[in-house]
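Below is one structure; the comments refer to it alone.
We name chains A, B, ... by the order of the sequence lines, and we start the count at 1 in each one.
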Amino acid sequence: MKLYNSRTRSVEAFEPLRSGEVRIYVCGMTPSAQAHLGHARSFLFFDVLRRYLKHRGYRVNYVQNVTDIDDRSINAAKATGGYYHDIVDGYYAEFKASMRKLGVLEYDHEPYATNFIEPIQAMIRELIEGGHAYVTQDGIYYRVATFANYGKLANRNIDELESGARIEIDEHKEDPLDFALWKFAKPGEPRWPFEPYGEGRPGWHIECSAMSRALLDPDGHGFDIHGGGADLIFPHHENEIAQSEPLMARPPMANFWVHGGLLLFENRKMAKSIGNFEPLSQLLERHDPQAIRWLFLQTGYRKVMNFTEDSIGAAAIGLARIKAAYRNLTPATDGEPIPSPELDRRMEAALDDDVNTAAALAVLYDVVNNSTPSREDLAYWLGILGVPPNDSWLEEPSAQLAPDFIPKILHELNKLGFVIFAMPPTAEATIEKLIELRNEARLKKNWSASDKLRDALQRCGVELKDSKEGTTWSVTVSP
RNA sequence: GGCGACGUAGCCAAGUGGUAAGGCAGGGCUCUGCAAAAGCCCCAUUCGGCAGUUCGAAUCUGCCCGUCGCCUCCA
């Protein structure tokens, strides 16, 4: 398959470094605030990539870290008097619940930065020994000038970066570009001992270098894919490379660097830092998680995407068509290969092309419109995309009857002047009774009465369908 | 100021040299007493603008216009 590599800025044939195994490290959450849809887009993409690599026959070792120590959670703890890690745990639990709803596979490793203090410190020591880091009065810093390739990933040169006015000025640093590997603790801050330098906590970038090395690449020969949102390219991933590669036997740190396009909300970046977002958990209460995934699958993963509320509705309707087709398909016969060669060929052609999920969806629509794959065949590919059919797909779309259905329908019938004797006790039986009455009217060709009954039910959220087999009802689905 | 991405139908969007996928919306039809549901069909002579390269350009080059992102914590 082909995959876009940010490191070379081109689409390249993907081959794992070790035969049969793909090692992926994706920069995960900093749970010091709620996750938003932008996070979901990024992690949903890597979920599809994993699933597809597995389809391709690779063993996938997927690591997604948790930055469970950062300034914001510490400050939040200071402000509320709480314990910083309780804040982190709360947000992370919420994030994980959302990921489960979205059908994201469990990660193979889910390392917390604070569980890797030792490897982080070992790495900092090596960097100091190699002259790549130095100690100041408030922390230990990486000496950017010692790494010749600094800026290569982000396509920036050091002079340009230096001339930018937006770099923080710190009199203790040798160079404005130098960044913290270790921050000495101020009173009341969480701290870990680090002899002989001083108690403190790791900087943000070092954890990814140390944890990817510990979990994926102890030999220093590099791993396959390092991923994250496009906003991480600079400085985060640039700094990771600077930290890792001088210590490696055989750079580069990652063979492929893969970055997901950012999600915009009202044409501005969706980010907690500027408050331009809605919490993911809240959005998931309003929308079908599979529809959200479907929406993202319709757009190339590297493209900037502007999110609108309407777009989820359109995606949900499109998905509903696939669901309807799935319902109408027949199960595979014995011995029928899953996936079938034809669909396999077409889907792989789409997904081999830098995970072109939009083209893959077009294949599915085309297949469903023009042929009759087996249910399992369609389900297989929906599964690769992370939208596996579940039992509810086999049912007509349904919603819950309003709790006040009986009083509402009685009121409607009253207005129309219907008098019903012996009204059944449950809503369901009431509906059946009214269908019976309506069908009696229809037999007598009393269309006006029958339509009034149907309309009354419609106003109470119940939709009738007449077919040759009789009349069925369902609760109106509001998308 | 530097670096980069994007601009394709009413909306979303695939397509990076060979003559415009797909979805939503819209229109028509089948079925039906009428509906609903489902299905079928139609829906860009054209890809932000202007030049250029080419037998051939949405795709390559140049300039211009517009939107956004990164350069600071960020998926």
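Protein atom CG of A:Asp310 is 19 Å distant from nucleotide atom P of B:rG23, rounded to whole Å.
With a cut-off of 3.5 Å on both pairing distances, the Watson-Crick or G-U wobble partner of B:rA5 is B:rU67.
In plain terms, the two heavy atoms of A:Asn276 and A:Lys269 that are nearest each other are ND2-O, 3.1 Å. Of all heavy-atom pairs between A:Phe116 and A:Tyr112, the closest is CD1-O, 3.4 Å.
Every residue two or more places apart in sequence or in another chain that forms a salt bridge (Lys or Arg N to Asp or Glu O under 4.0 Å) with A:Asp47 is listed here: A:Arg51, A:Arg293. A:Phe234 pairs by the side-chain contact (heavy atoms from CB on, under 4.5 Å) definition with A:Tyr150, A:Ala154, A:Arg156, A:Leu161, A:Glu238, not counting sequence neighbours.
You'll find that the side chain of A:Trp447 is closest to B:rG33, out of B:rG33, B:rC70, B:rA75. Residue A:Asn267 has its side chain nearest to B:rC68 when only B:rA75, B:rC68, B:rC34 are considered.
Interface remark: the A:Arg268 side chain does not form any donor-acceptor pair with the B:rC68 base, using a distance-only criterion of under 3.5 Å. Evaluation of atom-type donor-acceptor distances gives a pair under 3.5 Å for the side chain of A:Arg454 against the base of B:rA35. Side-chain N/O atoms of A:Asp451 and base N/O atoms of B:rG33 include a donor-acceptor pair closer than 3.5 Å.
A close approach under 4.0 Å does occur between a side-chain nitrogen or oxygen of A:Asn369 and OP1 or OP2 of B:rG23. Proximity of A:Arg321 to the phosphate of B:rA38: no side-chain N or O atom is located under 4.0 Å from OP1 or OP2.
B:rU19 and B:rU54 have their C1' atoms separated by 14 Å, with the value rounded to a whole Å. When the P atom is compared between B:rC24 and B:rC65, the two are found 39 Å apart, to the nearest whole Å.
Checking A:Leu361 against A:Thr30, the closest nucleotide of RNA chain B that is more toward the 5' end is the one next to A:Leu361.
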* Asked: Nucleotide by nucleotide, 5' to 3', does protein get under 4.0 Å of the base (B), only the sugar-phosphate (S), or neither (-) in nucleotides 4-15 of chain B, counting heavy atoms?
  -> S-SS-----SSS
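From A:Lys2, atom NZ reaches atom CD of A:Glu12 across 11.5 Å, with rounding to the nearest 0.5 Å.
Look at A:Asp451 and A:Arg442 and you find no salt bridge, because none of the NZ, NE, NH1 or NH2 atoms lies under 4.0 Å from a carboxylate O.
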